[in-house]
Amino acid sequence: MKINPVILRKFGLGTAGFVMLILLLLFVFRDALLHKAVTHIQHKFKDEYQCELKLKNIQFSGLTTVKISQLTLVPQAADTLLSIDQLKAKISVWKLFLAQIQLDELKAQHGFVQLVKNKNGRNFDTFLSKKESRTTDEKTNYAKVVNRLLSKVLQLVPTDMGLKNLSLRLDDMGKKTQLDLQTLSLKNEQFAAAIQVHTTTFNQRWRIAGTANPRDRQTDLRFFNQDTGKIKVPYLDERYALQASFDSIRLRVDRIDMSLGELHIDGMSAISNLTINHPKIASKDVVIQQAKFDFKFLFGKRFISVDSSSTVQLNKIKIKPYLCYTNDDEKIYALKIAIPQTKAQDFIESLPKGLFTHFDGMKATGNFDYSLRFEYHSKNLRDLIFDSQLHKDQLKITQYGQANLAKLNGEFEYRALIKNQRQRPIFVGTANPNYVPLIDLSPYLQKAVLTTEDPSFFSHRGFITEAFKQSIAKNIRTKKFSRGGSTISMQLIKNAFLTREKTLSRKLEEILLVYLLENNRIVSKSRMLEVYFNIIEWGPDVYGIGEAAQYYFQKHPRDLTLNECLFLANVIPSPKKFMYQFDREGNLKSFAQRRDNQLIRLMLRRKLITAEDTLVNPLMKITGPAQFSIKKDSLTTPVIDSTAVEDFEF
């Protein structure tokens, strides 16, 4: 509202007098403004969140300080969410005209925030559900939504704060964690807090120190353990069997700014000696000594992204990430990763301890750079982009670690590891009477196995990009890991050097070892295939093609027929379940016959066999010791292998 200076002079008021008048009006009507704002907030909680906000007493003390006693927030038919005995806050009176509350100072003691999940539900669900009704054509403006949320939160963070004896209580179906905030202070932008942590598995004291300025939207905080040892992360151990700890964390926010319709959040986070233990990650502790993330988050009208100017520093490795989620006419997920030119030895030494145990002790010279691009379009899976590029500069392995890839060139002893139990030793070499050189195999067997497992084995460098794309597309479509993209090279590495455990560690090691094997000319393709045929499992405690030919057909591998080779090729994915393909009389069931016929048609189309090969093709019959497993288990409900014939089509 613009006031004419002439009017002010007419009533004998100057600028100073006008300000005093406004302050006088604020003082006179402050209680009415306060109660109006509180009533507005109470109605908002009741109407939008089905919660009752109760205040036993609220009154002004001085011009802008409000005292509140016994504040509670109780969701309908649920446990109390918030309770504070005593609270004193200095508020911005100007904001009261807008029915808003901005805290400039806050003192509180004796209270709790309680998050409960039990058989009746969760007491905070009402704050997670959407309250705004939108038509199906409307899209979320992520920049406005996040900026509005941050603005509301930061308005409630005062520039002067003192808290005592407040708790955060978590109760997840009886799994309880309590964080007792003993003291917290914010004065002249200096922040300090002391926290006592109680769980059913441990107790600790934490300390947070640094600077914070909620009005300028900036902060720089460090997180320490007040006692000796690492900070343990609560709740995750009981809820997800995830053990996590670290020495310290730093979080710095430099900028939160809305500009030209886009919200920018810039800052840095760092963690030291992060230790993680989970059976799905690795069989031992995984330790990241130093990690730093210089982040630039960007929120737009239809997208959320981590800008490509962000940087991840993992020990000595520098990574430039780009992630973007777009929700417009279709959902698009994009990922780009770039590792600038890096010393190979720095890369090896920077790998997280416990995640790449087979690389311990490895030495390398030279440099490399790497780039990855991934893009997924929700409306057309065929537009999926997966491109991985690595460029070497005099890269050379001078010393192998625990996984000595060069051993594949000579004779060695192999022992499969199943459920952490070493199986009987298999000698890979001519001293083993069951060892079969590649040249002594039936040509049908090699062609059938390559068709089902890896048709482009002799031309690729360990990985088939198109197979990876098909695998990713199918996993996204089915919302589960229903298909992999393993090549024979990957299977060989997994069998010869790694365990069969389904962990992130094993998969990452497999990828890196395959790349080294295939791109450094360590072992020839023919030798890799020969070792593969002689070590993989073909049945229960049946290792190598020599044992397999005897177990099923009492033959030498060179004498196997086409139908027998088709059967053996289809045994590889699930060797312990071969018997479910047969009926009581020992004949292949209809689904297995259809699968073999489709495989024959595929091999004919690729000119791996001729029509004459199929004419001289006697009926397959199990004659070896395997026939007793068939008779024993023939009445069991058949288990059809998940590797369908469509997986042949790479």
Side-chain angles (χ1 to χ4, degrees), residues 177 197 199 201-202 204 206 222-225 228-251 268-295 306 310-321 323 335 337 339 342-364 370 372 400-405 417-420 481 484 490 493-494 497-516:
T177 296
V197 181
T199 76
T201 57
F202 69 89
Q204 277 191 333
W206 298 347
R222 288 178 171 84
F223 202 100
F224 305 95
N225 186 4
T228 58
K230 292 185 173 185
I231 296 174
K232 296 181 180 180
V233 180
Y235 178 69
L236 297 181
D237 55 344
E238 293 185 82
R239 181 66 176 85
Y240 301 105
L242 174 64
Q243 305 285 339
S245 62
F246 54 88
D247 285 350
S248 65
I249 283 182
R250 182 183 179 186
L251 174 63
M268 181 275 293
S269 61
I271 191 168
S272 62
N273 283 324
L274 172 64
T275 302
I276 298 174
N277 187 296
H278 190 276
K280 293 294 184 181
I281 297 176
S283 58
K284 57 179 66 176
D285 286 348
V286 174
V287 181
I288 300 176
Q289 295 170 313
Q290 297 292 332
K292 181 183 176 184
F293 182 24
D294 289 294
F295 57 81
V306 176
S310 304
T311 303
V312 175
Q313 187 79 31
L314 183 63
N315 296 326
K316 298 178 182 179
I317 306 173
K318 181 176 287 187
I319 304 170
K320 302 292 291 184
L323 296 93
L335 167 67
I337 293 176
I339 301 178
T342 301
K343 292 181 179 180
Q345 190 59 37
D346 285 348
F347 177 81
I348 293 172
E349 293 176 356
S350 297
L351 294 173
K353 304 298 182 184
L355 196 60
F356 296 90
T357 56
H358 287 82
F359 287 76
D360 291 345
M362 180 176 287
K363 302 292 183 184
Y370 175 77
L372 170 69
Y400 291 101
Q402 185 176 331
N404 181 5
L405 300 177
L417 184 63
I418 302 177
K419 295 181 179 179
N420 293 322
F481 293 105
M490 298 168 73
I493 286 293
K494 179 175 65 175
F497 298 102
L498 306 175
T499 67
R500 299 189 184 186
E501 60 184 7
K502 295 182 179 180
T503 64
L504 175 64
S505 171
R506 200 271 294 166
K507 195 62 180 178
L508 292 176
E509 285 194 306
E510 178 185 308
I511 292 171
L512 286 180
L513 288 172
V514 166
Y515 180 84
L516 293 176

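For Lys230, the side chain to side chain donor-acceptor pair (under 3.5 Å) partners are Thr275, not counting sequence neighbours. The salt bridge (Lys or Arg N to Asp or Glu O under 4.0 Å) search around Arg250 returns Asp220, not counting sequence neighbours. Every side chain to side chain donor-acceptor pair (under 3.5 Å) that Glu510 has, sequence neighbours left out, goes to Arg506, Lys507. When the ring pair (Phe, Tyr, Trp, His ring centres under 6.0 Å) test is applied to Tyr370, no partner is found at least two apart in sequence or on another chain. In terms of the side chain to side chain donor-acceptor pair (under 3.5 Å) criterion, Asn404 has no residue partners (sequence neighbours excluded). In terms of the side chain to side chain contact (heavy atoms under 4.5 Å, CB included) criterion, residue partners of Lys318 (sequence neighbours excluded) are, by chain and number, Thr311, Gln313. Taking the side chain to side chain donor-acceptor pair (under 3.5 Å) definition, one finds that Ser310 meets it with nothing, sequence neighbours left out. For Ile319, the side chain to side chain contact (heavy atoms under 4.5 Å, CB included) partners at least two apart in sequence or on another chain are Val312, Ile317, Ile337, Ile339. For Leu323, the side chain to side chain contact (heavy atoms under 4.5 Å, CB included) test picks out Val306, Pro321, Leu335, with sequence neighbours left out.
Screening residues 342-364 for salt bridge (charged side-chain N to carboxylate O under 4.0 Å, His left out) gives Lys316-Asp346, Lys316-Glu349 as the qualifying pairs, with residues at least two apart or on separate chains. For the side chain to side chain donor-acceptor pair (under 3.5 Å) condition, the pairs that include at least one residue of residues 282-293, sequence neighbours left out, are Asn277-Asp285.
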Could you pull out every donor-acceptor pair under 3.5 Å between side chains of residues 236-244 and any protein atom, sequence neighbours left out?
unit_1: Asp237; atom_1: OD2; unit_2: Thr201; atom_2: OG1; d: 2.9
unit_1: Glu238; atom_1: OE1; unit_2: Thr200; atom_2: OG1; d: 2.7
unit_1: Glu238; atom_1: OE2; unit_2: Thr200; atom_2: OG1; d: 3.0
unit_1: Arg239; atom_1: NE; unit_2: Asp172; atom_2: OD2; d: 3.0

